[in-house]
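The analysis underlying the following values was restricted to heavy atoms, covering all of them including side chains, and did not include hydrogens, waters or symmetry mates.
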Amino acid sequence: MRNVIIKRRKEFSASLISMKVYIEDYQASETTINGVPCRKIGELRNGEERAFPVAEHAAKVFVVPNKMNKKFSNDFFQLPPGNQNIFLTGGNGLNPLIGYRFQFDAISGEDVIQNRKKNNKRFAAINISIIAFIVIFGFLAGFALAFFEDNYSSSAPKTFTVEGMQITLTDNFTEENYEEYTSCYDSKNVAVFTLKEDFSLFEGGGENYSIEEYADLVEKANGLSDDTLEYIKGIPCLNYDFTNPDYNITYSNLTFLYKSDNAFWIVQFTSEKNKFDEYSAQMAEWAESVIFLTANQQA
């Protein structure tokens with residue numbers, strides 16, 4: 001036997017979710033990931049480093065958030081044969097396109113790259129409405145664009161509450177359940193993702209961090225430049241784009257940051273870049289509606 005030692009960087013995305021670690025095993029398989037019979041060997045919390053005993057033959061080690069999402073949210077490393085311990089690192093990124101997926105820093109082969117591309121396509125197919133992938137299939141071409149357009153300004157306000165955070169959107173939105181996020185609100189052209197980061201996750205306690213220090217941590221953890229932060233309606237906000245490499249479509253984000261009595265919150269609004277100017281003012285109004293309820297108000 002030998003150990004594969006995995007260190008998960010302490011980051012501020014998917015921080016409340018324990019990643020599940022699986023090893024390729026044809027003799028005692030519990031589930032199948034990407035067509036590979038696997039057995040669970042443990043879990044990995046945010047910032048944790050753990051050693052997992054594995055056999056000395058070649059095998060794939062997978063990290064997934066759960067069995068439900070394993071088809072489109074997984075990454076693996078091909079362990080070579082041998083009796084030496086192997087040390088691996090990785091983390092989760094703040095990008096709704098890949099659902100806060102864990103990725104190893106090291107790439108063991110071209111099949112890993114192809115698997116990541118395949119996962120992106122699977123995630124896009126499952127979450128068509130969430131990130132406005134409708135345009136990929138041409139449903140919004142020509143006159144259809146006007147027909148399907150969300151008219152948020154004429155819609156009725158609709159308030160959503162999750163774990164003490166309250167946000168007022170419109171009745172165009174429906175709430176969806178995705179384990180990678182604290183909550184998700186879906187409409188045809190704008191998606192809203194929320195993520196709660198409890199103070200207990202921070203060294204020394206999160207209450208000792210300012211919102212600007214938290215913003216700096218989020219920027220660094222997700223590879224954003226130091227000048228990404230701005231203030232919109234007095235709320236700290238990270239304004240950046242990301243591109244789907246498989247379809248070459250760019251999405252724009254307004255990621256608002258908040259500090260409540262017991263946690264930091266990320267509230268991220270996403271739309272296609274070519275529609276961002278049309279919806280950005282409305283996004284800011286929705287962000288301004290965010291409040292945090294007291295314990296008495298939640299009771």
Side-chain angles (χ1 to χ4, degrees), residues 1-95 98-120 122-123 126 178-182 195-198 200-204 217 220-223:
M1 296 293 286
R2 56 177 170 167
N3 288 325
V4 56
I5 304 162
I6 305 176
K7 179 177 177 59
R8 179 184 172 189
R9 284 188 302 278
K10 188 171 184 178
E11 296 179 324
F12 301 96
S13 53
S15 60
L16 301 183
I17 302 172
S18 292
M19 295 291 122
K20 283 63 174 176
V21 183
Y22 287 83
I23 190 72
E24 181 178 0
D25 191 331
Y26 284 81
Q27 303 302 318
S29 66
E30 302 170 358
T31 189
T32 301
I33 304 175
N34 286 351
V36 179
C38 293
R39 169 176 54 87
K40 184 179 176 183
I41 55 176
E43 299 191 3
L44 204 58
R45 296 190 300 272
N46 191 34
E48 187 177 25
E49 177 181 322
R50 285 193 63 188
F52 303 96
V54 297
E56 296 178 5
H57 57 71
K60 291 183 174 70
V61 57
F62 289 87
V63 177
V64 301
N66 53 46
K67 287 185 178 181
M68 182 184 303
N69 293 346
K70 66 182 181 180
K71 290 184 179 179
F72 60 86
S73 185
N74 66 72
D75 199 38
F76 71 88
F77 185 89
Q78 177 66 58
L79 301 176
N83 57 12
Q84 298 296 313
N85 292 341
I86 296 176
F87 182 76
L88 301 172
T89 61
N92 300 74
L94 179 62
N95 185 338
I98 64 172
Y100 302 123
R101 184 188 309 144
F102 178 93
Q103 288 190 170
F104 287 107
D105 295 326
I107 297 177
S108 55
E110 178 64 26
D111 52 346
V112 173
I113 298 174
Q114 294 305 316
N115 180 62
R116 291 178 181 179
K117 290 181 178 180
K118 191 181 300 182
N119 281 332
N120 288 346
R122 287 170 178 161
F123 187 83
I126 293 173
Y178 290 87
E179 186 171 338
E180 289 88 349
Y181 316 102
T182 303
L195 188 66
K196 181 183 180 181
E197 307 281 6
D198 283 306
S200 60
L201 297 169
F202 297 76
E203 294 181 8
L217 291 171
K220 286 182 169 59
N222 296 283

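- Here the side chains of Arg8 and Phe102 are in contact, with some heavy-atom distance below 4.5 Å.
- Without hydrogens or angle criteria, Arg2 side chain to Ile86 main chain gives no donor-acceptor distance under 3.5 Å.
- For Glu49, there are no side chain to side chain donor-acceptor pair (under 3.5 Å) partners, not counting sequence neighbours.
- With sequence neighbours excluded, the residues forming a side-chain contact (heavy atoms from CB on, under 4.5 Å) with Asn3 are Ile5, Ala51, Pro53, Asn85, listed by chain and number.
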Side chains of residues 56-63: which donor-acceptor partners sit under 3.5 Å, not counting sequence neighbours?
from  : atom 1 : to    : atom 2 : distance (Å)
Glu56 : OE2    : Met1  : N      : 3.2
Lys60 : NZ     : Gln78 : OE1    : 3.4

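- Once rounded to the nearest 0.5 Å, the distance linking CD1 of Ile107 with CG of Asp75 reads 8.0 Å.
- Put simply, the side chain of Thr89 does not reach to within 4.5 Å of the side chain of Phe104, judged on heavy atoms.
- Scored by the side-chain contact (heavy atoms from CB on, under 4.5 Å) test, Ser29 finds Pro37 as partners (sequence neighbours excluded).
- Between the CZ atom of Arg39 and the CD atom of Glu30 there is a distance of 7.0 Å, given to the nearest 0.5 Å.
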From CA spacing to verdict: side chain to side chain contact (heavy atoms under 4.5 Å, CB included), Lys20, Lys40: CA-CA 7 Å; Lys20 283 63 174 176; Lys40 184 179 176 183; 3.9 Å; yes
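- Residues forming a side-chain contact (heavy atoms from CB on, under 4.5 Å) with Arg50 (at least two apart in sequence, or on another chain): Leu44, Glu48, Phe52.
- For the atom pair Ile33 CD1 and Tyr22 OH, the distance stands at 6.0 Å (nearest 0.5 Å).
- In plain terms, the two heavy atoms of Lys196 and Thr182 that are nearest each other are N-OG1, 2.9 Å.
- With hydrogens and angles disregarded, no donor-acceptor distance shorter than 3.5 Å links the side chain of Gln103 to the backbone of Gly91.
- In this structure, Asp25 CG and Cys38 SG are separated by 8.5 Å, a value rounded to the nearest 0.5 Å.
- For Phe77, there are no ring pair (Phe, Tyr, Trp, His ring centres under 6.0 Å) partners, not counting sequence neighbours.
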